[in-house]
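Step one of this worksheet: look at the structure below.
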Amino acid sequence: MSDLLYGLNDNQRDAVLHGDGPLLLLAGAGSGKTRVITHRIAYLIAERGISPYQILALTFTNKAAGEMRERVDNLVGESADKIWVSTFHSTCVKILRRYIDRLGYERDFSIYDSDDQKALMKEIIKSFELDPKKFKERTFLNVISSAKDEMLFPEDFARENESDYNMKRYIEIYTEYQKRLRSNNALDFDDLIMLTVKLFREEADVLDYYQERFRYIMVDEYQDTNTAQFQLLALLSSKYKNLCVVGDDDQSIYKFRGANIHNILNFEKVFPNTTTIRLEQNYRSTKNILAAASEVIKNNNERKEKTLWTEAGEGDPIIYARLDTDYEEAQTIAGDIRKKVRDEGASYSDFAVLYRTNAQSRIFEEKLVYEGIPYRIIGAINFYSRKEIKDLICYLKVVNNGSDDIAVKRIINVPKRGVGATSIEKISRFATMNDISFYDALSHAAEIPGTGRSLKGINDFLELIDSLRYDELSLESLIRDIIDRTGYQKELEAEETPEAEARIENIESLIDKVVKYEEETDEPTLSGLLEDIALVADIDTVDMDSDQVKLMTLHGAKGLEFPYVYMVGMEDGVFPGGSAIFMDDEEELEEERRLCYVGITRAKKLLTLTGANQRMRNGKTEFNRPSRFIHEIPRYLIKQVSGAMPKKQSFSADEGGWYTPSASGGSTYSSTAARKSTPKNKNNIFSNNPYITKGMGNTSSGSSSSGSASDTGKPDYAVGDTVSHVKFGEGTVTGMVDKGGNYEVTVDFEDFGPRKLLSSFAKLEKI
DNA sequence: CAGCCATATCTTTTT
DNA sequence: GATATGGCTG
């Protein structure tokens with residue numbers, strides 16, 4: 001008992017010791033909320049004699065679930081694996097696999113990811129004879145998803161919108177979409193939650209069973225729950241009322257995905273006799289970082305007041321750098337990281353670069369490669385959404401569930417079997433007319449006129465799937481069989497391109513995942529494997545400890561922490577994003593501000609904010625003013641450091657180098673958004689900033705002085721010279737390109753091969 | 001039917 | 001600028 005409470009602060013202890021009844025934990029960033037949940041679970045088991053079977057802990061990501069289980073394991077010991085720790089979605093899948101037949105679905109249903117949804121919606125748009133140019137799949141899917149998040153079935157949605165003529169089409173499409181999902185025996189992600197709620201509402205015995213089973217429910221990241229998830233929780237907890245939710249309304253950043261902030265704001269009203277405990281002591285960041293975060297979030301109106309505090313020291317000021325271009329922004333950060341690793345003993349894994357949109361990652365990637373810094377981009381492309389992987393998974397899906405028309409259509413002509421779009425169209429129509437699945441219609445292809453030429457391919461396909469269904473050896477042999485018999489890998493091998501090479505590697509890691517699943521699962525099944533694949537995101541498998549700089553969106557960073565955090569693209573129009581400003585949408589701006597708060601509070605030791613006068617976006621050059629969030633941080637917390645001289649002010653074209661911004665009072669900028677909105681602070685708050693110094697702080701990246709490149713001249717080496725580099729050793733200079741005073745030097749290193757480096761950053765010494 | 005070139009589009013996205 | 005889709009041609 002004393003063990004379980006050791007090291008907890010008063011509020012944390014109160015939360016752990018709370019007995020029965022609803023409990024709301026308002027847990028600020030870095031306040032040790034996972035610790036509280038895990039200790040509370042341990043306390044319930046050890047001290048209150050609750051059976052581990054009766055505890056349900058819900059999270060949003062598999063990663064969070066995994067971490068929580070691991071930590072509970074350490075506290076509770078072996079009985080911990082009896083505790084049901086999982087995501088909302090996999091919990092619902094488990095329940096539905098048992099009882100969904102009561103709702104008229106088969107229990108071996110497929111789970112549709114967003115690609116599958118799009119494919120299905122595309123078909124519907126076509127069958128409604130709508131112009132696909134005018135009507136995007138996403139538009140309809142977004143409406144449907146919002147309806148499902150709000151627990152509106154097609155009938156409910158129709159009722160709610162019956163008076164609105166414009167909604168007529170949406171109603172029809174939603175109805176059709178749901179009908180087709182059912183005939184494909186498929187559920188989309190939203191269905192998983194919505195149908196579980198429906199099941200609980202309609203089948204009293206099922207609800208009762210799970211109420212008895214889960215007498216104690218814990219929910220992490222509660223601020224991100226949507227209405228459907230809320231109802232799920234309300235139903236499950238209505239008997240014993242032991243619902244403990246942990247969340248931070250200031251970190252609600254998924255409104256666009258249906259998260260309902262009122263779930264947390266109104267929790268006390270909805271659940272009478274709620275005990276509310278605030279966890280306000282922060283164990284992560286310095287005072288300065290915390291102060292910056294608090295000052296920013298203060299500007300939001302719709303929030304629960306709370307004040308984070310820390311026993312940590314002031315720490316370094318927040319660094320703010322306004323660079324000339326996005327290119328320089330990336331370059332400066334890459335240099336700064338290298339400098340800190342070299343001179344301050346930091347590890348690459350101590351750094352995170354956070355941006356608003358994935359599209360911003362590219363340029364950082366480029367610069368990090370130049371600098372020879374190991375990095376990992378997180379979340380941009382999901383492993384399972386790669387073409388080759390999706391193709392192979394669709395084979396698995398078809399073997400598992402022949403009703404899955406979307407999967408069948410995707411692979412019927414992959415690899416090429418001479419079954420083209422027209423044949424598919426004809427068979428599809430035949431299937432609809434006879435009310436059978438597309439797969440079943442394939443075996444009647446001979447009766448369908450106009451499919452003669454593709455008949456052989458179709459029969460080959462049917463034969464293949466049929467024989468795969470008799471492969472009962474193992475999942476590994478099944479996937480290998482698919483790869484062999486489709487000739488997928490051979491086809492790629494024949495290509496002999498780097499892309500094909502990469503795909504082969506991906507296929508190999510898919511096999512690895514299948515093998516791993518089979519090893520780690522008690523009773524591996526094909527549908528279990530597919531479920532794992534559908535519900536486990538790429539980010540879940542990222543090893544955060546590996547020694548690489550992490551690049552990700554601000555959204556992706558939630559729940560993580562790093563000693564050094566760079567928030568980049570701090571410009572109005574980029575962050576906060578265009579629509580929040582352009583539409584003058586206060587609600588959306590508040591969501592962006594929460595995102596900013598999330599970003600700031602990821603930093604433990606040093607927070608660096610950067611922006612650029614000029615940046616390329618969507619193929620066009622933009623000029624944005626500094627982010628309004630920068631202005632919301634009081635100036636005494638900030639140390640502004642310079643970037644490069646804006647090119648426009650540099651009359652001699654070749655004169656690059658660095659300068660002190662105090663000379664011109666920050667930066668001159670023009671803005672496309674300037675006319676639209678007026679920021680609260682009209683003057684640049686940094687114009688008289690006493691903190692202005694040259695370079696990236698005192699731990700400057702060396703951009704102003706170090707290296708062989710001087711501010712004015714060429715490096716002292718030239719093509720053909722032998723040079724040495726701290727990391728890469730010796731090599732020969734094979735090329736130099738002038739980039740406005742800075743040189744892109746190509747060096748052929750003896751041990752590392754040819755590499756491109758920038759003279760201003762890379763310390764190259766002539767030998 | 002398949003491969004190639006032209007045009008459109010471009011927040012965020014735990015599952 | 002990069003990618004995905006659509007239309008055209010072989």
Side-chain angles (χ1 to χ4, degrees), chain A residues 58-65 86-93 111-115 117-118 122 132-133 136-138 141-142 145 148-149 187-193 220-221 223-226 228-229 251-259 326-327 354-363 366 378-382 384-385 387 413 415-424 453-454 457 531-540 542 552-560 569 573-583 588 591-592 594-596 598-599 615-621:
Chain A
L58 290 171
T59 64
F60 280 86
T61 65
N62 292 287
K63 192 172 172 343
S86 88
T87 64
F88 273 96
H89 293 266
S90 28
T91 297
C92 289
V93 171
I111 299 168
Y112 274 8
D113 65 19
S114 56
D115 280 347
Q117 288 181 286
K118 266 169 95 173
K122 209 172 197 170
K133 274 185 184 156
K136 298 263 156 51
E137 307 95 78
R138 269 275 52 100
L141 288 170
N142 285 340
S145 180
K148 289 183 175 181
D149 287 343
L187 271 63
D188 66 19
F189 287 134
D190 300 317
D191 283 344
L192 296 176
I193 313 287
D220 193 16
E221 304 282 12
Q223 75 281 353
D224 291 332
T225 50
N226 61 33
Q229 286 156 341
Q251 292 189 66
S252 163
I253 53 173
Y254 285 105
K255 199 189 85 185
F256 71 93
R257 283 208 91 251
D326 49 351
Y327 186 89
L354 309 181
Y355 34 76
R356 181 64 237 270
T357 63
N358 277 310
Q360 288 166 260
S361 68
R362 190 173 198 89
I363 193 157
E366 192 181 309
I378 292 156
I381 0 104
N382 193 327
Y384 296 111
S385 54
K387 285 182 213 81
N413 203 29
K416 304 265 176 292
R417 293 190 181 88
V419 186
T422 32
S423 299
I424 293 176
R453 202 174 312 186
S454 48
E531 187 178 308
D532 233 45
I533 287 171
L535 298 179
V536 175
D538 200 23
I539 193 160
D540 296 328
V542 174
M552 67 191 94
T553 61
L554 286 155
H555 283 90
K558 201 175 69 164
L560 305 175
V574 177
F575 183 46
S579 62
I581 295 173
F582 210 65
M583 315 284 283
E588 202 170 335
E591 174 127 330
E592 295 275 306
R594 290 192 290 270
L595 193 54
C596 185
V598 168
R615 86 168 47 240
M616 274 285 260
R617 276 213 308 168
N618 303 336
K620 281 195 292 197
T621 305

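Order of the sequence lines sets the chain letters (A, B, ...), proteins ahead of strands, with each chain counted from 1.
Among the protein residues, A/K558 comes within range of no part of the nucleic acid, since none of its heavy atoms lies under 4.0 Å from any strand. Base engagement by A/Y254 is indicated by at least one non-hydrogen atom pair under 4.0 Å involving a base atom. Backbone-only contact: A/K136 has heavy atoms under 4.0 Å from sugar-phosphate atoms and none from a base. Counting non-hydrogen atoms under 4.0 angstrom, A/E137 reaches nothing in the nucleic acid. Using a 4.0 Å heavy-atom cutoff across all strands shown, A/T59 reaches no nucleic acid atom at all.
For the pair A/R615 CZ and B/dT11 C1', the computed distance is 14 Å after rounding to whole Å. Residue A/I363 contributes atom CD1, which lies 11 Å from atom C1' of C/dG1 at whole-angstrom precision. Atom-to-atom, CG of A/N618 to P of B/dT11 comes out at 6 Å; the value is rounded to the nearest Å. Protein atom CG of A/N358 is 16 Å distant from nucleotide atom P of C/dA2, rounded to whole Å. To the nearest angstrom, P of B/dT14 lies 14 Å from CD of A/Q229. Residue A/R138 contributes atom CZ, which lies 15 Å from atom C1' of B/dT9 at whole-angstrom precision. Put simply, CZ on A/R617 is 16 Å from P on C/dA2, counting in whole angstrom units. We find that CG of A/N62 is positioned 15 Å from C1' of B/dT13, with the value rounded to whole Å.
Comparing B/dT11, B/dT13, B/dT9 by their nearest atom to the side chain of A/T553 picks out B/dT13. Of the listed nucleotides (C/dG1, B/dT14, B/dC1), B/dT14 has the atom at the smallest distance from the side chain of A/R257. Comparing atom distances between the A/D224 side chain and each of B/dT9, B/dG3, B/dT14 picks out B/dT14 as nearest. For A/R362, the side-chain atoms get nearest to C/dT3 when compared with the rest of C/dT3, B/dT9, B/dC1. Considering only side-chain atoms of A/F60, the nucleotide from B/dT14, B/dT9, C/dG1 that sits closest is B/dT14. Nearest nucleotide to the A/E592 side chain, out of C/dG1, B/dG3, B/dT12: B/dT12.
A residue-by-residue look at A/T422 and A/G619 shows that A/T422 has its nearest nucleotide of DNA chain B further toward the 5' end.
Using a 90° window around 0 for the glycosidic torsion, B/dT12 falls outside it and is classed as anti.
Ring-plane geometry between A/F189 and A/H89 is classed as perpendicular, the angle between the planes exceeding 60 degrees on a 0 to 90 degree scale with a lower cut at 30.
Proximity of A/K148 to A/D188: side-chain heavy atoms (C-beta onward) are separated by under 4.5 Å at one or more points. Side-chain contact between A/F575 and A/L595: present, with at least one pair of heavy atoms (C-beta onward) separated by less than 4.5 Å. By the 4.5 Å heavy-atom criterion applied to side chains, A/H555 and A/Y254 are counted as neighbours. Counting only heavy atoms from C-beta outward, the side chains of A/I363 and A/R615 never approach each other to under 4.5 Å.
One cannot find a donor-acceptor pair under 3.5 Å joining the base of B/dT11 and the side-chain atoms of A/R356. A/T357 contributes no side-chain N or O that forms a donor-acceptor pair with the base of B/dT12 under 3.5 Å.
Taking the 5.5 Å centre cut-off and the 30° plane limit, the aromatic side chain of A/F256 is classed as stacked on B/dT12.
The side chain of A/N413 contributes an N or O atom lying less than 4.0 Å from OP1 or OP2 of B/dA2. Contact between the side-chain N/O atoms of A/S423 and the OP1/OP2 oxygens of B/dC1 is found at a separation under 4.0 Å.
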>> Please determine whether side chain to side chain donor-acceptor pair (under 3.5 Å) holds for the pair A/Q117 and A/S114, giving the CA-CA distance in whole Å, both sets of side-chain angles, and the decisive distance to 0.1 Å.
In response: CA-CA 5 Å; A/Q117 288 181 286; A/S114 56; 5.2 Å; no

